[in-house]
Amino acid sequence: MSTIILFTAVSLAQFMLAGAMALAAIRMFCGPRAQDRIIGLDSLYINAMLLLVTFGIGTGRVIYFEAALVIGMLGFISTVALAKFLMRGEVIE
Amino acid sequence: MDQNVWLVVLLLLPFLGSFAAAFILNTTSRNLPVVISAAVAAVALGASISCYPAIAGGEILRYQFAWLPQFGLNFSLRMDGFAWIFTVLILSIGLLVILYARYYMSDEDPIPRFFSFLLAFMGAMLGIVLSGNIILLSVFWELTSIFSFLLISYWHGNANARDGARMALTITGIGGFCLLIGFLLLGNIVGSYDLDKVLASGDMIRAHPLYLPMLVFILLGALTKSAQFPFHFWLPNAMAAPTPVSAFLHSATMVKAGVFLLARFWPALSGTYEWFLLVGLAGMLTLLLGAYFAMFQQDLKGLLAYSTISHLGLITTLLSLGSPLATVAAIFHMLNHATFKASLFMAAGIIDHETGTRDMRKLSGLIRCLPITGTLAMVASASMAGVPLLNGFLSKEMFFAEAVETHENSIFDTMLPYVATLAGAFSVAYSIRFIHAVFFGPKATQLPKKEPHEPPHWMRFPIEFLVLVCLVVGIFPAYSIGPFLQTAVTSVLDKQTPDYSLAIWHGVNTPLIMSLIALVGGATIYALLKGYLASCDDGPPILRGLKGQRVFERVLVTVSWRWARFAEQRLGTRNLQPQLRWVVFTGLIAGLLPLYLSGFEVRPFVWKGADPAFAALWVIGIGLALGTAYLAKYHRLAALVMLGGVGLIVCTTFVWLSAPDLAVTQLLVEIVTTVLILLGLRWLPKRNPEIEEHLSLRARARRLRDLLLAITCGVGMSFVAFAVMTMPVPDAIANYFLDNAYSMGGGRNVVNVILVDFRGFDTLGEIAVLGVVALTVYALLRRFRPAADSMDLPEQQQIQNRFDAERSDRDLGDTVREYLLVPSVIMQWMFPFIITLAVYIFMRGHDLPGGGFSAGLTLSIAFLLQYLAGGTRWAEDRIRIQPLRWMGGGLLIASATGMGAWAFGYPFLTSHFQYLEVPFIGKVPAASALLFDLGVFLLVVGSTALILVALAHQSIRINRLRAIELSKSEAAQEEATAWK
Amino acid sequence: MLPYPLLTLSLVLMWLLLNGFSFGHLLLGSFVAIFASWGMAALRPEKPRLRKWYLLPKLFWLVFVDVIRSNLAVALVILRGRPRGHTAGFLTMPLELQDRTALAILAVILTSVPGSAWLEYDASERHVLLHVLDLIDEETWVDMVKNRYEKLLMEIFE
Amino acid sequence: MIQSAIDLPVWAACLVAFFLLIGSGLALIGAIGFLRLPTFYERIHAPTLGTSWGVGGIVLASILYFSLSSSRLAVHEILIGIFVTVTTPVTLMLLARAALHRDRAERNGNVPERKREI
Amino acid sequence: MEVILSIAIGIMTTCGVWLILRPRTFQVIIGLSLLSYAVNLFIFGVGGVKSNLPPILEQGVPARMLTDPVPQALVLTAIVIGFATTALFLVVLLASRGLTGNDHVDGRNEGK
Amino acid sequence: MTGWTQHLIIAPILIPLAAAALLLFFDERRRVAKAMISLAATVLMGFVAIVLFRAETGLDGFQGVYLLGNWAAPFGIVLVLDGLSALMLLLAALLGLATLVFSLARWHAIGAHFHSMFQLLLMGVNGAFLTGDLFNLFVFFEVMLAASYGLMLHGSGPMRVKAGMHYIAINLVAALLFLIGVSLIYGTSGTLNMADLAARIPEIEPDRRLLLQAGAGVLGIAFLIKAGMWPLCFWLPSAYSAAAAPVAGLFAILSKLGIYVILRLTMLLFGDGPLAGFGSGFLLYGGTATLVFGIIGVLSSQALGRLAGYSVLVSSGTMLMVLGINDGAVSSGALLYMVSSTLTLAAFFMLIELVERGQDAGAAVLAVTMEAYGEGEESELEQAEGVAMPGTMALLGICFAACAILVAGLPPLSGFIAKFAMLSAMMGTGTIGIPPTAAVWTLAALVILSGVASLIAMSRVGIYTFWTSLEGVVPRVLVIEIVPVLFLLALTLVLTIQAGPAMQYMETTIRALSNPEVYIDAVRQAVVIGSSGQGGAH
Ligand code: NA
Ligand code: NA
C-alpha cells in the first residue's frame, strides 16, 4: 500500500516538476527580455534540483544528493554572473 | 695496391678536393684552389692511366660495397675500356680547363667556390662513367645536373646566368627523374640493377612488354642531357656560364653523358625499330637544326653551343642505326668532338677576355692582335668542319659511310645521306664563319676593350695541346688513338666488334664525295650569307622569333604556377566553414558508408516503455537545443542561457541513468563555462538583430545544404546511437572493474577507481591537457588587445557612472557598490561553505560520487564567486591565488605518486591501498590513489583559476590601456595648445 | 585560531550533516571548518556584531510563518488572479537599518518571501525600493516591514 | 522501484506523499505564474514559491522518507533547503536591479525613476 | 529510454553541426558545446542505458548489475577535456576578434 | 629488458611531464633556468630514446610491454614498445632537441610558458607513440593537441591567431569524432586495448562488427585530419606556415603521428581476419588526392612557409597512398621516407625563418609574379663578376640546397634513397615479371611528379631568395639557430650513408607489424608483478 502511495506521489511530483521545468523553458525561449530568460534558467535549475531529490526518494538512494546539493549551493552562480553582465556589461570588474 | 681500389680513389678524389676548396674561406685566394684542383685531376689522371694495362688486357676493374642491398642498390664501380677512355677524357680535359680557368677567372670572382663546384662536377661525371649499378649511375646523373646548375649560375648576379642555370636544371633534372623511372623499369625487367646483368640481358629486355615505356623514359633522360631536339634549347642558354665551364661541361663532359649512356646501353637496348625511330629521329633533326641554327648565331659561344648540339645529334644518329660500325664511329666522334670543341670554347673565351665581346658583328680582324690564338682556332674549326688531316674529318667520314649504308627500310634511312651532307655543309659554313668573322677583315673598331693581345702562355697552352691532339689523331689515327679506341669499342660491343680501319685515305668513295660536296657547299653558303650575317639579328631567319627559352618559360609559368594556383584555389580553401563542412561530411561518410554498403539493419525495435518524466525532460532539452541553435546568431546571451538549460538536462539525464559522478562534474563544468563565456562576451562586437542581411539565393542554398548536412548527421547519430545502445556487450572489460574495484582498488565508486587507479594514466594525461590549456589561455591573453569598439567601458557602466558623477552626493562607483551591497555579503559568506563542500567532495570520491576533479572545480568556483562579488582588485587584495604553483604542485604530486610505486619495484601508478588504524578515529581507508587525486585536485584548481583570472584581468588591463591612451592624447593636446 | 566561532560551528555542523556523526568526522570536520574559517578571514568581511543572538529563533519563526502565509496568497493570486483593487507595484521605503549583514538578512527575507522583492537600496538616501505583487496599500507594507523585521533586526545587530 | 518503501507504515507514506505533492505543486504553480504574469517585476515573485515551500516540502518529504525508512536521522537534505533559501534572493535581487537599470536606460516608463535623476 | 536518448543525441548533433557551419565565432563555440553534449551522451549510451540502478558498489547488489563504468569514466575525461578546449577556443576567438576587429571565423568583415 | 630498465619505457612520457611541472615554479623572467631545465629534459629524453631504440630486440622486433598500475591487459593501460614506436620516439626526441635549441635563440622568450608547452607537446607525442590503448591514445592526442594549440599561437599576431583558430576548430571537431569512434569500438567490442581488440574482432558477431567498422571509420577520419588528407588538410599549410619556426619544425612530426596511428591500427586490426583491408581503398584514393593537392600546392606557393606546408601534404599523401597499397616492401621503404621527410621538413621550417629574416615581406610573392608577367628580366643590368656572398648567406644557401634536394628527392641524400626504396619496391625489382598495378603506377608517377614539382618550386623560390635579393640585409643568424638545422641535415646524411642498416630496421619493423599475433600475444600475456597474476600491491 505504502509503495503504491509513494509511487503515485513520486510520479505525480516528478511530472509536475517536469511541467514546471517545461514552463520555465518556454519562458527562456520567449523572453521577451534577457532578464526573463535568466530567471527562467534559475527556475529551471531549482526545479531540476527538486526533481533530483524526488528521484532520490523514488529510488531510495541518497547517492543523488550531491548533484542536488551542488545545484543548491552553486547553481545560483551562473545566474549571478548573467545578472551582473546585464547590469554592468562585464562579469568581473 | 689493388688496382680495383684505384676506382674508389679516382671517384673520391674530386669530391675531397671539392670539399677542400670549399673550405678555403679566403675568397680572394687564387692559387691554392687551382693547385688543389690541378693536383686532384693530375693524380686521378695518373691513376687511371696506370690502370690502362689491365684494361687493355680486357680486364674489368670492379669495386663494390653494399649501400641499400635490400633493393639492389650497391655502391658498385666498374671500369672497362669505354669507361676508361671517358675517365681519361674527363680528367685530361678537366686538367686543361683548370689550367685555363686559372687565367680566365677575374680577380673579383670567388675562385674557391668555382673550383669546388668544378671538382664536384668532375667527380659526378666520373661517377656516371664508372657506375656499375644503374641506380648509382642515375645518382651521379642527377648530381651532374645539380653541379652544372651551380656552375652555370656561378655569376648569379646576372639574370641570364640564373635563368639559364634554372632551365638547365629543370630540363636535365626532369630528364634525370625520367631516367630513374626508366632504370627502375629496366631493373624490373632484368631483376637487377647491376650493369653487367643489364648489359647481358639485351634479348630479354627487347622482348619485354615494358620495353617501350622503359626505352622512352631512358631516352628522355639521355636526350635531355645531350641537348637533343626538342630539348636542345637549354644548352645555348647555359652559355651564360663562365667559358671554362662551357668548355668542360658543354663540349667534353656533361652533354656527352647522354650519348655516353646511349652507347653504354647500346648492346642492351638498341636494335629495335623503336630505338631506331626514336633515337634516329631525334638525332637527325638535331643534327640538321643544330647546324642550321649555328650558322645564324652572333654570339661566338652561341655558335659553338649550336654546333655542339648538332655534333651530338650526329653521334645520336650514329647510335640509332644499330650497326656496330656506326657505334664505333659514334664513340670515335665523341672523343674527337671533345678535343676540338673544348679548344674552340677556350679560344672563344680568350677572344671574349681580350676584346670584351663575343658578338661576331663587332669582332673583326683579330688575327693581327691574336695571331697564335687565331691559328689554333683555325685548326680546331677546320677539324670541326671535317677538313682532312684533322681528327674531325675521320669520324665524319665514318659517319658519311654509315649514312650511305642501309639499315632499316624507312624514309629516314633514305634521307640520311642527304641530311648528313647538308648538315656537313652547314657545319663547314659556320666553321668558316667562326674564323672569318673574327680573325679576318678590317680591324675592329667597336670593341669594348681596346688593344687586345695574346693571353699569357699558360692560358693558351690547353688550346695548343688539344689542337696538337687533333692533328696527331687526324694524321696518325691508327698509332695514336687506335688502340685506345679499340679497347673502348670492344668493351661496348664485345663480340659484335666489327673490323674497321682508322686510315685517312680510303680511296675515292661516296663519303669522300659527300665530304667534298659539304666543303664546297659550306663555303658557298657562307659566301652567300656573309653579308646578311654581318648585320642580322641573333638567330636564324623565320625561326628567330621562336625562342625555345621563352616558350619554355611561358609553359613553365603557366603550368607550374597559373594553373597550379587556379587548381589550388579550386581544390582548397582558406576559410573555416568549407573545411568544417568537409570534416563533418567525411566523418558522416566514414561512419555510415560501411553500414550502408553492407546493408546493416538495426535490431527490431521493441517499445519497452519509457519513463514519462525522462521523456518530458528531453522534450524540454530538445526544445532548448533547438532554441539555442536558433538564437545563437543575434541573441548571444539568450543562446548562452538556453545552452545552460541543455547542459542541465544532460546532467539530469546522467542522474537518471545512474551516473551521479557525471552529473556533478557536468554541473560544475556548466557553471564555470557559463561564467567563462560571459567573460568573453564582453569583447565581442554588438549585434544588431534589426539588420537582417539580404539573403542571396546562393546564401540560401548554402544554408539549405548546411541544414541538410546537419540533419543527416543528426539522423545518422541517432541511428548509430540507437543501434549500439540496444546491443549490450557480453564480455566487456567493465566486468573486471566491477568485480575488482572494491577488492583490489579499495573503492566502491567504480568510476572513480577507474579514474584514479585502473586507468589513472588517462587522468594524468587529462590534467596535463587542462594544464597546458590554462597556460595557453594565459599566454594568449597576455598579448590580448581588444578591438577598437570594445575598448570603451560597457554602455551600462557609462550610464551608471554618469549618474554617479552628476549627483553631488554620490561618488564614482556608488551604483555598483549599492548593487552588490546585499548580494556580496551573502556571496562572501558562502565562501567557507563552498570550501567545505570542496573538501567533502574530494574526500568521498573513492567511495561515493566526487573526486579530485569535481572538488577542484568547486574550490575554483568558490574563488570565482569572490571575484564576482567584490571585483578583481578586491578579491586579489584578499586572496592571492598563485595558480601556477597549484598547477605545478598538482602535476608533480600526481606524477610523484605514480613514481612512488617504483620504490617497491612496481610499475608506474601501481596503487597501494590499506586501512590505517588512527587513534580515536579508528580504521581509515588510505589509498595512494587519494594522493594522486590530490594532484588532480590541485591542478584543476590552479588551471581553472588561471583561466578565469586571466580573462577577468582583461577588464583591468583595458582600463590601464585606456588610461594610458587618454593621458597620451591629453599630452598631445596640451602640446598642441602650447604650440599655439 | 577561530575568527568566527559561529561560522566555524556551522561548518562543523555542515560537515557532520554531510558525513554523518562519528568521532572521526567531528575531528576531521573541525579541521576543515577551521581551515575554511581562515579562508573567510582572509576575505576580511565586516564582522557582524551580534548583540542579541537569542532573538534569532524568533526571527526565524516569524519568517517561517510569513512564508507559509504568503505562499498561499501568491499561489491564489496566480491561480485565480488578483482580487479587484489589488495591484502589483513598486514601493519606496526608508530604512534605519545600517549594518550590512542585517540589511542582507532583511533583503533575503523580503525576497524569499513570495510576494515581495527587494530591488534597489540607496545607501546615501538610506531607502529601499521594493516590488510587491499584491499591493493593497503601501502603509500596511511599510508598517509590516518596519515593525516585524527591521525592529527585530536592529535589536539583534545594532 | 522503491525497495525500502515496503517497510514504511502507510501513515508515513501518506505524510511523505503529502509533502512531496505540496512541494512539487507549489513549484508548478510558481512556474505557471512565471509564465502567466504579465510584467517582469511580477514574474520575479513566482519562482519564490518553488524556492521557499517548494523546496521546503520536497526536502521535508525526503528527510521524512529516509529517516523513517532507515530508522535513523537523515537530515542532510536540510542543507539544500538552507542554501537555496540563502542564495535564491541573491539572484533575484541582482536580476531585478539589472532589469530596473535596463528599463530606466531605455525609458520604458512604468518603473520608478531614481530620485532627482536628470 | 534508448529511443529518447537517441533522438536527443541526434537533435543535439543537428543543432551543433548547423552551428559550427555558421560564420560567427560565437555560433561555432556554442555549436561545439552542443556537439560535445551529444557526444558525451553518445559515449555514455554505448555502455547500455540502465536506469534506476545503484551507481556504486553496494552489499547485496551483484556488481555486474551496475551501469557500465567504463563509458562513464570516458565521459568524465571527455567532459574535462571539452571544458578545457571550450575555454581555449573562447580565448582564441577573442584574440581573433581583437586582431581582426570582427567576429567572423575567417576574420572577414561583414558584407562579404 | 628487465629490472629497472623496464621502467624506461615510460620515461619518454614522464620526463617531459615532470619538466613541464617543474617549469611552472619558475617565473617568466628566469629564462635561463627555464631553458636549462627544458634542455636537460630533452637531452635526457634523447638518451632514453636512444637506449630504447637500441634495446635488445626480441623475437620479431618486439621490445617490451609496460603494464601501468600493474594491471593486466586489457584492463589496465599498457605501453607497448616495438620497433615502430621506438623509431618514432627517437625521431620525436631528435626533432625536439633540434627545435628546442633553435628556439633558445629567440622564440622561447617571446611569449609565456613556451617550455612547458613544448615539453607537454613532447609528452603527448611520446605517449601517443607508446600507448597500446585506444582511449589513452585519445588522451595523449589531446595532450599533444592542446600543447600544439598553445605553441601554434605562440607569438600571437593576426596570421597565427587566424590559422590557429581554424586549426583548433577543426581539431576540436576531430576530437569529437575520435570520441565517437572510440566509444563505438568499445560499445561493440567491450575493450579499449588495441591488442585485445585485434584478438576479439574475429569473435564479434557480424552486425556488431559492422558498427565497429563504422567506429573505426569515424576514428580514421580523426587521424586523417591530423595526417592532412585531402579534403581535410586545408588548415595545414596555413597553420604550419604561420607557426613560429621551431614550432613548425616540431609540428613536422605531428602529421606523422596521424600516419603512425593509421599504420599501427590498420596493420593490427585490418591486417587479416574478417576486417582485412578495411579502409585501404579510402586511404588509397585519399592519399592520391592529397598527393595531387600537395603537388599543386607546392607549385602554387609563393611563400616558402606555404611551400613547406604543402610539402608536408606531399609527404602525407605519399604515406597514405602507401598505406592504401598495403605492401610490405613498399611500406618499409615508406617508413624510411617518413623518417627522412620528417627530418627534412623540420630543418626546412627552421631554415625558412633564418632565410626570410631580413627579407622584406612579400619578396617571394614578387618573385613569381615577376616571372609570370615577364618583368624585370631583360632590364636587369649585366653583372659579370661573381658576388662574394657573405658567409652566412653561403651557409644558409648550402642548407637550402640540401633541403631542396631532400624535398625533391634528388640524389644523393636520403630523400632520394627513400623514394628509390619505395619506387623500387613498387616496381617489384627482384621478382621478375610481376607487372605493377594501376595504383602502383599512379603512386610511382605521383612520387616522381612531386619531385619535379618540388624541384621547380624550390629552385624558383631559392634563386629569388638567395641570388636576386642580395641587396637585402644579410640576416643575423646565431650559431644555435643554424646548428639545429645542420644537425637535422646531418641526420639525413647519416640516413643516406647508413641506408642499408636503416632499411633493414624498417623491414624488421614492418615485418613485425604485419605479424600482429606477436604484438597481441605480447600484450595479452604480459604478466603483472607480484602474486600469481594479480595486482600485487593492491
Ligand atoms: Na665580324
Ligand atoms: Na519574494
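Reminder, nothing fancy here: chain letters follow the sequence lines and each chain counts from 1. A quick note: this is a predicted structure, and the numbers were derived from the prediction, not measured. Side-chain atoms are counted along with the backbone in the values below, which use heavy atoms only and exclude waters and symmetry mates.
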> I need the minimum non-hydrogen distance between F/Ser116 and F/Ala20, along with the two atoms involved.
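Nearest pair, atom of F/Ser116 first, then F/Ala20: OG-O, 3.7 Å.
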> Quick one: which of F/Gly150, F/Ala169, F/Ala146 has the most heavy-atom pairs under 4.5 Å with chain E, could you say?
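Top count of heavy-atom pairs under 4.5 Å with chain E: F/Ala169.
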> Top residue by heavy-atom pair count (under 4.5 Å) with chain E, among F/Leu153, F/Leu184, F/Val173?
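Option with the top pair count is F/Leu184.
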> If you measure from the Lys or Arg side-chain nitrogens to the Asp or Glu carboxylate oxygens, is any gap between F/Glu203 and F/Arg200 under 4.0 Å?
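F/Arg200 and F/Glu203: not salt-bridged.
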> Indicate the atoms forming the closest heavy-atom contact of F/Ser156 with E/Leu99, along with that distance.
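Residues F/Ser156 and E/Leu99, closest heavy atoms: OG-CD1, 4.5 Å.
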> Which pairs, with at least one residue in residues 176-195 of chain F and sequence neighbours excluded, count as a ring pair (Phe, Tyr, Trp, His ring centres under 6.0 Å)?
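Every pair satisfying ring pair (Phe, Tyr, Trp, His ring centres under 6.0 Å) with a residue in residues 176-195 of chain F: F/Phe138-F/Phe178, F/Phe141-F/Phe178, F/Phe178-F/Phe223.
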> Among F/Ser183, F/Gly187, F/Gly164, which has the most heavy-atom pairs under 4.5 Å with chain E?
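The option with the most such pairs is F/Ser183.
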> Check the side chains of F/Ser189 and F/Arg209 for a donor-acceptor pair under 3.5 angstrom, ignoring hydrogens and angles.
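No, no side-chain donor-acceptor pair sits under 3.5 Å.
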> What residue among F/Trp235, F/Phe234, F/Tyr240 forms ring-ring contact (aromatic ring centres under 6.0 Å, His included) with F/Tyr167?
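Running ring-ring contact (aromatic ring centres under 6.0 Å, His included) over F/Trp235, F/Phe234, F/Tyr240 with F/Tyr167 returns exactly one hit, F/Trp235.
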> Taking only residues two or more places apart in sequence, or in another chain, which ones meet F/Ser300 in a side-chain contact (heavy atoms from CB on, under 4.5 Å)?
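F/Ser300 satisfies side-chain contact (heavy atoms from CB on, under 4.5 Å) with B/Ala564, B/Arg565, B/Glu568 only.
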> In plain terms, say whether E/Asp106 and F/Lys162 are close enough for a salt bridge, that is, a side-chain N and a carboxylate O under 4.0 Å apart.
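No salt bridge links E/Asp106 with F/Lys162.
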> Kindly state each residue pair satisfying ring pair (Phe, Tyr, Trp, His ring centres under 6.0 Å) with at least one member in residues 10-55 of chain E, sequence neighbours excluded.
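For residues 10-55 of chain E, and leaving out neighbouring residues, the ring pair (Phe, Tyr, Trp, His ring centres under 6.0 Å) pairs sorted by first residue read B/Phe654-E/Phe44.
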> Measure distances from E/Ile20 to the heavy atoms of chain F and classify the residue's part below 4.5 Å as side chain, backbone, both or neither.
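Interface part for E/Ile20: side chain.
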> Between F/Leu177 and chain E, which part of the residue has a heavy atom less than 4.5 Å away: side chain, backbone, both or neither?
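For F/Leu177, there is no contact with chain E at all, as no heavy atom is under 4.5 Å.
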> Please output the residues of residues 69-89 of chain E in contact with chain F, using a heavy-atom cutoff of under 4.5 Å, in numerical order.
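The residues closer than 4.5 Å to chain F, in numerical order, are E/Val70, E/Pro71, E/Leu74, E/Thr77, E/Ala78, E/Ile81, E/Thr85, E/Leu88, E/Phe89.
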> Which answer fits E/Asp68, side chain, backbone, both or neither, if we ask what part of it has an atom under 4.5 Å from a heavy atom of chain F?
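For E/Asp68, the side chain is the part near chain F, not the backbone.
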